[in-house]
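All remarks here apply to the structure that follows.
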Amino acid sequence: MARGKKIYEGKAKTLYEGPEPGTLIQYFKDDATAFNAVKKDVIDGKGVLNNLLSEYFMVGLTSIGVPTHFLKRLNMREQLVRSCEIIPLEIIVRNVAAGSMSTRLGIEEGTQLPRPIIEYCLKDDKLGDPLVSEEHIAAFGWASQQDMDDILSLALRVNDFLAGVMYGVGIKLVDFKIEIGRVYDGDFQRLIIADEISPDSCRLWDIETGQKLDKDVFRRDLGSLTDAYTEVAKRLGVMPKNQHPVTKPTLIN
Ligand code: 5GP
């Protein structure tokens, strides 16, 4: 499918105009960044794995009635998605204390939380995506009260779905980040899950061993990120066992 004009390039993905009005082509890059792009690398095959995994989660969500931007996967690196107005918030759902919440509140990583905790960060790279309260969101008009009710309900439905799917393959869903977009159907508007759902945006721990199978492997130099994501893909049946992700060809002199 022919790509249109590039309309946005992010750290891990590029968006191009799609073939029909209201569609976009989302291209998954191999670039990995952490700590607001202070740490950077190119990880062969990461984009392919995230494309396949995000497709798997988005299709699953659609099948249980959670609306997403996903339309179809085009090839190993690209998917056709519905274009939407992204709400300028990162929605984080936590089941187990880890990462920035553990650092901020001094709660030991791995502590089970009494219930899912939702946090909101303003999507702003220059400010380092700061944590914001619902008061900030209302006062600065980043989302309406109706949007916030819908966002909470969508986030909890995604959490239940993802946690169940991951539990079924021996993985604990510690936390994740989603982005939500607004689409217009005639006079009506509604919110849908956008961006991606992949080990780049989740914390996934093996239930038996506690092994990290997510981007913390890159953030904390814990080994091969491709091996970790491949393990998740294999367990979910997204990649046939023994198959390696497509990598760049090796040049032999
Ligand atoms: P933390 O706030 O602990 O750094 O992150 C919480 C969860 O949200 C983790 O699963 C992390 O991967 C995800 N997350 C937070 N910010 C971002 C972001 O800017 N990009 C991506 N891909 N994931 C994020």
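Remember, it's 1-based here, ligands and their atoms both numbered in the order they're listed. Computed over heavy atoms, backbone and side chain alike; hydrogens, waters and symmetry mates excluded.
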Does a salt bridge link Asp214 with Arg220, judged by any charged N lying under 4.0 Å from a carboxylate O? no
Under 3.5 Å: donor-acceptor pair, side chain of Ser54, backbone of Ile197: yes
The answer for which part of Cys121 has a heavy atom under 4.0 Å from ligand 1 is neither
Identity and distance of the protein heavy atom lying nearest atom 18 (C) of ligand 1: Glu90 OE2, 3.7 Å
Note the single closest protein heavy atom to atom 10 (O) of ligand 1, along with its residue, its atom name and the distance in Å. Asp175 OD1, 2.6 Å
Carboxylate-amine/guanidinium contact Lys172 Asp206, below 4.0 Å: no
Which of these, Gly99, Ala32, Ser100, Gly128, has its nearest heavy atom closest to atom 1 (P) of ligand 1? Ser100
Distance to 0.1 Å, residue and atom name: give those for the protein heavy atom nearest to atom 13 (C) of ligand 1. Lys177 CB, 3.5 Å
According to the interplanar angle, ranging from 0 to 90°, do the rings of Phe140 and His136 count as parallel (below 30°), tilted (30 to 60°) or perpendicular (above 60°)? parallel
With atom 4 (O) of ligand 1 as the reference point, say which of Met101, Lys215, Arg203 has the nearest heavy atom. Arg203
What verdict does the side chain to side chain contact (heavy atoms under 4.5 Å, CB included) test give for Arg219 and Lys39, after you've listed the backbone C-alpha separation in whole Å, the side-chain angles of each residue and the deciding distance to 0.1 Å? CA-CA 8 Å; Arg219 294 186 188 102; Lys39 181 172 171 142; 5.8 Å; no
Which residue supplies the protein heavy atom nearest to atom 22 (N) of ligand 1, what is that atom called, and how far is it? Asp200 O, 3.2 Å
Can you sort out which atoms of ligand 1 are near Asp129, meaning under 4.0 Å from one of its heavy atoms? 19 (O)
Can you tell me which residue among Asp200, Asp41, Asn51, Asp30 is in a side chain to side chain donor-acceptor pair (under 3.5 Å) with Lys46? Asp200
Non-hydrogen atoms of Arg94 versus ligand 1: any pair closer than 4.0 Å? yes
Distance alone, cut at 3.5 Å: any donor-acceptor contact between the side chains of Arg73 and Gln79? no
Considering heavy atoms of the protein only, find what lies nearest to atom 12 (O) of ligand 1 and give residue, atom and distance to 0.1 Å. Arg219 NH2, 2.9 Å
